[in-house]
Amino acid sequence: MSFQVILDEVEKNITKILGDLQCNDVAFSVSPSKSDFGDVSCNVSFLLAKQLKKSPQNIAQIISAKYEKCEHTLVSAVKAHESGYVNFIADWKKLSTLILLGSFSDEFGYTDLGKGMTVVVEHTSVNPNKALHIGHVRNIIIGDVISRLLQKTNHKVNVLNYIDDSGLQVADIIIGFRHFGFSEDPPEGKKFDHYCGDDVYVKTTAKYDGDPSLQDIRKEILCEIEDGTSEIAQFASRITQRVLANQLETCWNLGVTYDCLNFESQIIRSGLWGTTFEKLKKMKLVEYDDVGENSGCWVIRGHDNDKDKVLVRSTGTATYIAKDIPYAAWKLGLLGDPFGYIIYDKKQPGGKTLWQTTLDDISEKCSFAGSKVITVIDSRQARLQNIIADLMSKFESEGAYVHLGYESVTLSSDTAKILGLNTEGKQAQMSGRKGLYVNADSVYDSLLTRTAEETARRHPEMDVSEVNQIAHYVSVGTLRYEMIKQDLDKIITFDLAKSLNLEGDTAPYIQYTYARASRILEKSSRPYSDADCTLLSEQAELQLIRMIGMFGISVRDATINLSPKVIARYCHDLAVAFNEFYEKVRVLGLDDTTLEDSRVHLVASFKTTLKMALDLLGISTPEKM
RNA sequence: GGGCUCAUAGCUCAGCAUGGAUAGAGUGUUGGACUUCUAAUCCAAUGGUCAAGGGAUCGAAGCCCUUUGGGCCCA
C-alpha cells in the first residue's frame, strides 16, 4: 500500500459528495499537499465556483462539512482553507502502518501499466568505429532507465542495440587501416575502440580536405561493405566486431545490458527493404516522381511545409532512410522475420542472455519485436524519426512507434579548452571527426580515482578491493545520475572539473544516506518486523513515511511520461527526508525500547524503498561509504 | 528562408502536462554544528518584475498570440 490509498479514498468520497450536490463530470484533482497545507489537497471548490455561484471558500466549507459525514478511515480531519482548497489531514496511525508494511513487499511501487505488453526499447546504437563518449552515455542511461521502469510496471521489454556496421564512419576507419597504414593493433595500454576513434578515425578524416580522390575510395569501400562478400568487407566486419566488444564492455561496466544486437549490414542483405518497399507502394505511401527536382525518384510526400523525402534515387539506390524504415517495421513485427539468432560470444554481467542477428544459420528463431517500440535517439534526428513514426502509424495503431528524443551533451568552454579548442566562453558541440569529445571510459576512470581516494581516506581499515568496489558503485552512480537528473529537453554542458563534484544533488549524496541507514540497522540488534508503527509521530518521521509512500506515484508518473528524472528527483527527495529524520530523531539507544523498535522499522523501510528506487536508475547501494 | 526546441536566483536546474495557497532545490558567497546512529551530512543568512509585450480568465511562471535571444535540424 502506498500514499495512493488515501488519495483514492478522498477522490471516491468527493465524487460521492458531488453526486449528492448534483454536480457530475467535474474534473477535480486530489493530490499530495505542498508542505504546511495538510497531507492531501483538493481543488474542487475552484471548479464549482461558477456553477454553484458561490465563492471557493464557501464551497470548501460545504464540502468539508459533508466530508465529515462520509465513510472515511484514513483521513482524520478536513479543513476548508481560506484560499478555497479543501485540505485533508491523514490519520497517520493507520496510514503509517499501511505504508511501512507495504514497503517490504516486492510489489511495492508496482502498478500494472503494461498488462504484460511487449515493448521494444532501442538505445545505444553507436557507430562501431569509436569508443563511447559522454554524449552516448546519456542515450544509454536514458534507454536503460526506461527499460527498467517498463519492466517494473509489467511490460515485457526487449532491449536492442542497433549496430551500424555498414555506414560511412566504418568505411572511414577502413580507409585508415588499408590506405594510411594504421596498424591493426593499438598501442600498448590503449583499448581498441579508443584507438580507432582517437587515432584512426580522426587522422583519416582529417586527410579528406586535402585529397578529393579519397571520396571515391570511400564510396568503393562502402559498396564493398554493403555487398559483404569481399575480403575488405570481411576485414571491416572483424574490425567492427572488435570495436563493438569494447563498446559493450563500457556499457556493461555502467550496468547496462541488452537482449539483442541488430546489425545493419544484415538488414540490408536480408531483403527486408524489398518487401517493405513493395508494401509501401501497395499502400500508396510512396510515390514516383516523373518531373521536378526529384524526377525519377520514389518519395514520401512531406506534410505542410516539409519537403518530399527521397527514398530511392533515380539511380535505383536507396537512401539512408530506406534502412531505417524496414528496421522500424521489423521492430513492430510487421514483416516476416528473416533473421536467425545466435548467442553473443561474451557473457553479459548479471547473466541475461545476449543474442545477435545472423543470416548464416537461421535455424534458431527468437522474437524481439514488440507491439510498441521506443527508440532513444537524440533530438537532432527528430525530423527523420517523425517520418518513420508517421509511416508506422499507417501500418499500426497511432503511437506504436515512439521516438524518445533528448538534447545533446555539449562540452563546457573550459573542457573544450583542455581538449585544444578555444571557444571564447561558449559551450562546444562534440565532434568525433574533430576529436572533440570526452570518452566515457576516461570520465569513469577519473571518477574512480577520485572516489577511491575519498573512500580510502574515510575508511583506513578497508582493504583495496572493498575500497574499489565502493568507488565503482559511486562512480557509476554519479555518472548515471548526472545523465538523468534533468529533463530530456535540457542540454547538458559537461565539465570535467565539475563532474567530480560529489556533494549536493548527486548520486553519492543519496548513496550516503543509504549507507547511514545501513549502519543504524547493522548496529541494532532488536527485532523490528512486528514493531508498532503508530508510535511514530514526530514531524520528521511522518515526512519520511510520506515520502516512502510516494514511491508508487513516482514510478507511475515516470513511466507514463517516459521521464527518468522523476525517479531521480524522488530518490533525492527521499534522501533529504531521511537526512532530516537522521538529524532530528535519534534511533538507537533509547530508553523506550518499543519506540526504538518502531524507528528501526522505519529505517529499514526507508532503506528497502530507496534501494528499489535506485535500482530503477541502475544505481547500486553500498552498505558503507 | 522553413521547421523543432529552450529561456525561472550569480551559475546548474525543479515546478508547467491537468491554471488556484507563501515560486522550490543544488551550487556559489558569508556564518555556524563532528567526545553523540558515518560531516560525501545538517542549520542559518544571501539571492527571483518566472526573457519582453499583449490576450482570454474571478485568478497565469504555467494557457493563446506577438517579439527578442540561444541551440539544433532542413535549405
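So you know, we letter chains A, B, ... as the sequences are listed, proteins then strands, and number each from 1.
- Between Glu583(A) atom CD and rC42(B) atom P there is a gap of 7 Å when expressed in whole angstrom units.
- Within the nucleic acid shown, Ser41(A) comes within 4.0 Å of at least one base atom, counting heavy atoms only.
- For the C1' atoms, the distance linking rG15(B) with rC72(B) amounts to 25 Å, nearest Å.
- The 5' end of RNA chain B is approached more closely, in terms of each residue's nearest nucleotide, by Lys624(A) than by the other of Ala575(A) and Lys624(A).
- Looking at Asp378(A) and Ser408(A), their side chains never bring a donor and an acceptor atom within 3.5 Å of each other.
- Defined by atom type and a distance below 3.5 Å, a donor-acceptor pair is missing between the side-chain atoms of Lys426(A) and Ser413(A).
- Atom name C1', nucleotides rA60(B) and rG53(B): the rounded distance is 15 Å, in whole Å.
- Ranking rC42(B), rC37(B), rA40(B) by closeness to the Val474(A) side chain, first place goes to rA40(B).
- Anti is the classification of rC6(B), since its glycosidic angle lies more than 90° from 0.
- Val474(A) places a side-chain heavy atom less than 4.5 Å from the side chain of Gln511(A).
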Please list, for nucleotides 58-61 of chain B, all pairs of protein and nucleotide N/O atoms separated by less than 3.5 Å.
none

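- Rounded to the nearest Å, the gap between the C1' atom of rC16(B) and that of rG24(B) is 14 Å.
- Aromatic rings of Tyr67(A) and Phe88(A) (six-membered ring for Trp) have centroids within the 6.0 Å cut-off, being under it.
- Rounded to whole Å, the C1' atom of rA44(B) lies 24 Å from the corresponding atom of rU8(B).
- By the criterion of a centre-to-centre distance under 5.5 Å and near-parallel planes under 30°, the ring of Tyr85(A) forms a stack with the base of rA21(B).
- With contacts defined as side-chain heavy-atom distances shorter than 4.5 Å, the pair Ile14(A)/Leu18(A) qualifies.
- Side-chain contact check for His136(A) versus Val409(A): every heavy-atom pair is 4.5 Å or farther apart.
- Distance Ile377(A) CD1 to rU5(B) C1': 17 Å, rounded to the nearest Å.
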Detail all sub-3.5 Å separations between protein N/O atoms and N/O atoms belonging to nucleotides 27-30 of chain B.
| unit_1 | atom_1 | unit_2 | atom_2 | d |
| --- | --- | --- | --- | --- |
| rU27(B) | OP1 | Gly504(A) | N | 3.4 |

Identify each atom pair where a protein N or O and an N or O of nucleotides 72-75 of chain B are less than 3.5 Å apart, giving names and distance.
| unit_1 | atom_1 | unit_2 | atom_2 | d |
| --- | --- | --- | --- | --- |
| rC73(B) | O2' | Arg383(A) | NE | 3.4 |
| rC73(B) | O2 | Arg383(A) | NH2 | 3.2 |

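- Residue Asn43(A) contributes atom CG, which lies 12 Å from atom P of rA17(B) at whole-angstrom precision.
- Using P as the reference atom, rC6(B) and rA25(B) are 25 Å apart when rounded to the nearest Å.
- Toward the 5' end of RNA chain B, the nearer of the two residues Gln427(A) and Asn87(A), judged by each one's closest nucleotide, is Asn87(A).
- Taking atom C1' on both rA61(B) and rG19(B), the two are 10 Å apart, rounded to the nearest angstrom.
- No contact: Ser55(A) has no heavy atom under 4.0 Å from any strand.
- The distance between atom CG of Asp597(A) and atom P of rC37(B), rounded to the nearest whole Å, is 19 Å.
- Counting only heavy atoms from C-beta on, Asn561(A) has its side chain closest to rA17(B) among rA25(B), rA21(B), rA17(B).
- With a 4.5 Å cut-off on side-chain heavy atoms, His472(A) and Leu448(A) count as touching.
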Would you tabulate the pairs of protein nitrogen or oxygen atoms and nucleotide nitrogen or oxygen atoms of nucleotides 7-12 of chain B closer than 3.5 angstrom?
| unit_1 | atom_1 | unit_2 | atom_2 | d |
| --- | --- | --- | --- | --- |
| rA7(B) | OP1 | Lys490(A) | NZ | 3.2 |

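- Comparing rU22(B), rG71(B), rU41(B) against the side chain of Phe37(A) picks out rU22(B) as the nearest.
- Among the atoms of the strands shown, none is found under 4.0 Å from any heavy atom of Val566(A).
- Atoms OH and CD1, from Tyr481(A) and Ile567(A) in turn, are 11.5 Å apart once rounded to the nearest 0.5 Å.
- A pairwise comparison of heavy atoms in Ser499(A) and Leu496(A) identifies OG-O, 2.7 Å as the closest pair.
- As judged by a 4.0 angstrom heavy-atom cut-off over every strand, Asp487(A) is placed among residues touching the sugar-phosphate backbone only.
- Aromatic rings of Phe37(A) and Tyr85(A) (six-membered ring for Trp) have centroids beyond the 6.0 Å cut-off, not under it.
- Here His601(A) and Phe606(A) keep their ring centres 6.0 angstrom or further from each other.
- At least one side-chain heavy atom of Met430(A) sits less than 4.5 Å from a side-chain heavy atom of Ile134(A).
- Among the nucleotides rG15(B), rA21(B), rA40(B), the one closest to the side chain of Lys565(A) is rG15(B).
- Between Asp532(A) and Asp597(A), every side-chain heavy-atom pair lies at or beyond the 4.5 Å cut-off.
- Interface remark: the Thr455(A) side chain does form a donor-acceptor pair with the rA40(B) base, using a distance-only criterion of under 3.5 Å.
- Using a 4.0 Å cut-off between a side-chain N of Lys or Arg and a carboxylate O of Asp or Glu, Arg569(A) and Asp487(A) do not qualify as a salt bridge.
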Give every donor-acceptor pair under 3.5 Å between a side-chain atom in residues 581-590 of chain A and any protein atom, sequence neighbours left out.
| unit_1 | atom_1 | unit_2 | atom_2 | d |
| --- | --- | --- | --- | --- |
| Lys584(A) | NZ | Glu580(A) | OE2 | 2.7 |
| Arg586(A) | NE | Leu588(A) | O | 3.1 |

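- Using a 4.0 Å heavy-atom criterion, one finds that Asp489(A) contacts the sugar-phosphate atoms exclusively.
- Remark: the Gln429(A) side chain and the Arg380(A) side chain contain an N/O donor-acceptor pair separated by less than 3.5 Å.
- Between rG55(B) and rC73(B), the distance separating the two P atoms is 38 Å to the nearest Å.
- Here the C1' atom of nucleotide rU57(B) and the CG atom of Leu47(A) are 13 Å apart, to the nearest Å.
- Between Tyr406(A) and Asp489(A) there is no side-chain heavy-atom pair separated by less than 4.5 Å.
- At a cut-off of 3.5 angstrom, the base of rA40(B) holds at least one donor-acceptor pair with the side chain of Arg458(A).
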Checklist entry - Once Watson-Crick and G-U wobble pairs under 3.5 Å are found, how is RNA chain B written in dot-bracket notation, 5' to 3', with | for any base paired to another strand? => result (((((((..((((......[...))))((((((.......))))))....(((((..]....)))))))))))).
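- Here the side chains of Asp308(A) and Val310(A) are not in contact, with every heavy-atom distance at 4.5 Å or above.
- Here rC42(B) presents its P atom at 12 Å from NZ of Lys584(A), a figure rounded to the nearest Å.
- The CG-C1' distance, from Asn579(A) to rA33(B), rounds to 15 Å in whole Å.
- With both ends at atom C1', the span from rU29(B) to rC11(B) equals 12 Å, rounded to whole Å.
- Outside the 6.0 Å centre-distance limit, the rings of Tyr162(A) and His123(A) are not counted as a close aromatic pair.
- Rounded to whole Å, atom C1' of rU5(B) lies 17 Å from atom CD of Gln385(A).
- With salt bridges taken as basic N to acidic carboxylate O contacts below 4.0 Å, one links Glu522(A) and Arg519(A).
- As judged by a 4.0 angstrom heavy-atom cut-off over every strand, Ala515(A) is placed among the base-contacting residues.
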